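Below is one structure, written out as structure tokens; the observations come after it.
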Amino acid sequence: MKPTVRPRTPHFSSGPCAKRPGWTPAALDGALVGRSHRSKPGKAKLAAVIDDSRAILGIPPAHRVAIVPGSDTGAVEMALWSLLGARGVDVLAWESFGEGWAADITKQLKLADVRVLKAGYGALPDLAQVDFARDVVFTWNGTTSGVRVPDGDWIPTDREGLTICDATSAVFAMELPWDRLDVVTWSWQKVLGGEGAHGMIVLSPRAVARLESYTPPWPLPKIFRMTKGGKLIEGLFEGETINTPSMLCVEDALDSLAWARSVGGLAGLVARADRNAAAIARWVDATPWVAHLAGRPEIRSTTSVCLAIVDPWFQGLDPKARAETAKRLAGLLEAEGVGYDLAAYRDAPPGLRIWAGATVETADLEALFPWLDWAYAEIRAAAAA
Ligand SMILES: Cc1ncc(COP(=O)(O)O)c(C=O)c1O
């Protein structure tokens, strides 16, 4: 039977993620459009994004925080291009984004001394193999496989190399150990439901020391440059962006940060994602045709929850038919207007990916599950006919 209750907000995309509950374009009414981002009020808004992010996330005072171009990709790549080459590198890859950073390091930067520690979709590489005398590049939460590192205990506080962490689908939903991370990056478009385009980068004092003592042998585009004359560009970490940001996106980021405070700050945000992930896990446990792609519960993402279709009928299809069937499932939900962007990432095993980050309401997930069951039953019935 077709369910009757619909999610109020059918937005379950893993990026851009659902806007915060109650968001309307009126949230942008105070945007400083048509004004210079270098004007006094413009700079104040940019500085407020930095200060609010720092306060909500509990970033230590000695760490620098900046708004940078190019969303999370821009933030990660400016770190890789600016910092790597001083030591050997261990890069961890267990899904598409980690693989992308590994490709940057080996094929674009062409570093010679690189170890790529890999695992397939659903698993993590052996974290005990990581050598912290080297620089270490990894993703906190692998958005395309729904696998995250369980915690930061595997990272020593007294390491020699730098840790560079793409945390875009983790920050504001998971606790991060700031003393174990030298570079942390994210985009506004993820957990707080902001807009794409801009990235954030956090640098530890050790990362700043590397920037000021090491000059990479390759040219650095202007949009990657964090130093001038061997010194950190301090203004960048006070809201003087490298190039022009969108003041509409800035206003939206400020709105999302105000909402984050209203739900209890970081603890409230983490609790919301945990509650959502637990609701999905309850449905998965009760549903024979799906299973978490992530094997062990402690490495399961609480934001990008990836599910495999384990029904024997589906498993018996050839790979092309499996991919088409999973796409049809997501298409049916979209056509009904009950769940958008639920298909697994294009490079991941065919299945479902449900965003469970802080802006998603648990009640909307609870309303989605009967639709998922209905859509799968429809597809099975059509195949049997
Ligand atoms: C882990 C991870 N890294 C990087 C990116 C790229 O982010 P952006 O498109 O914001 O640059 C994403 C986007 O989904 C991601 O999930």
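Computed from a predicted model, the values in this text were never measured in an experiment. The basis for the numbers below is simple: all heavy atoms, side chains too, and nothing from hydrogens, waters or symmetry mates. Start at 1 and go down the list; that is how both ligands and their atoms are numbered.
Using a 4.0 Å cut-off to heavy atoms of Ser71, the atoms of ligand 1 that qualify are 8 (P), 10 (O), 11 (O). With ligand atoms numbered from 1 in the order given, ligand 1 contributes 1 (C) to contacts under 4.0 Å with heavy atoms of Thr139. Proximity to Thr143 (heavy-atom distance under 4.0 Å) selects the following atoms of ligand 1: 1 (C), 2 (C), 15 (C), 16 (O). Of all atoms in ligand 1, numbered sequentially from 1 with element shown, those under 4.0 Å from a heavy atom of Ser187 are 10 (O).
When only non-hydrogen protein atoms are considered, atom 5 (C) of ligand 1 lies nearest to Phe97 CE2, 3.3 Å. Of the protein's non-hydrogen atoms, Asp166 OD2, 2.6 Å is the one closest to atom 3 (N) of ligand 1. Closest to atom 4 (C) of ligand 1, if we only count protein heavy atoms, is Asp72 OD2, 3.0 Å. Looking at atom 9 (O) of ligand 1, its nearest protein heavy atom turns out to be Gln189 NE2, 3.7 Å.
The side-chain heavy atoms of Leu57 and Trp186, taken from C-beta on, include a pair separated by under 4.5 Å. Contact of the Glu95 side chain with the Val147 side chain is not registered, since no non-hydrogen atoms from C-beta on lie closer than 4.5 Å.
Both the backbone and the side chain of Thr73 come within 4.0 Å of ligand 1, counting heavy atoms alone. Under 4.0 Å from ligand 1, the heavy atoms of Thr168 that appear belong solely to its side chain.
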Please step through side chain to side chain donor-acceptor pair (under 3.5 Å) for the pair Asp72 and Ser187, ending with a clear verdict. CA-CA 5 Å; Asp72 180 63; Ser187 155; over 6 Å; no

Just do the ring-ring contact (aromatic ring centres under 6.0 Å, His included) check on Trp218 and Phe224 with the steps written out, would you? CA-CA 12 Å; Trp218 43 77; Phe224 283 0; over 10 Å; no

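Of the N or O atoms in Lys190, one or more lie within a sub-3.5 Å distance of an N or O in ligand 1. Backbone and side-chain nitrogen or oxygen atoms of Ser169 are examined, and none is located within less than 3.5 angstrom of a nitrogen or oxygen of ligand 1. The N/O atoms of Trp101, backbone and side chain alike, include none that comes under 3.5 Å of an N/O atom in ligand 1.
A donor-acceptor contact closer than 3.5 angstrom is absent between the side chains of Asp104 and Trp81. With hydrogens and angles left out, the side-chain atoms of Asn141 and Ser301 include a donor and acceptor closer than 3.5 Å. Side-chain contact, Trp188 with Asp252: no donor N or O sits under 3.5 Å from an acceptor N or O.
Side-chain rings of Tyr345 and Phe97 approach one another, their centers coming within less than 6.0 Å.
Across every non-hydrogen atom of Val149 and Leu124, the tightest pair is CA-CD1, 4.0 Å.
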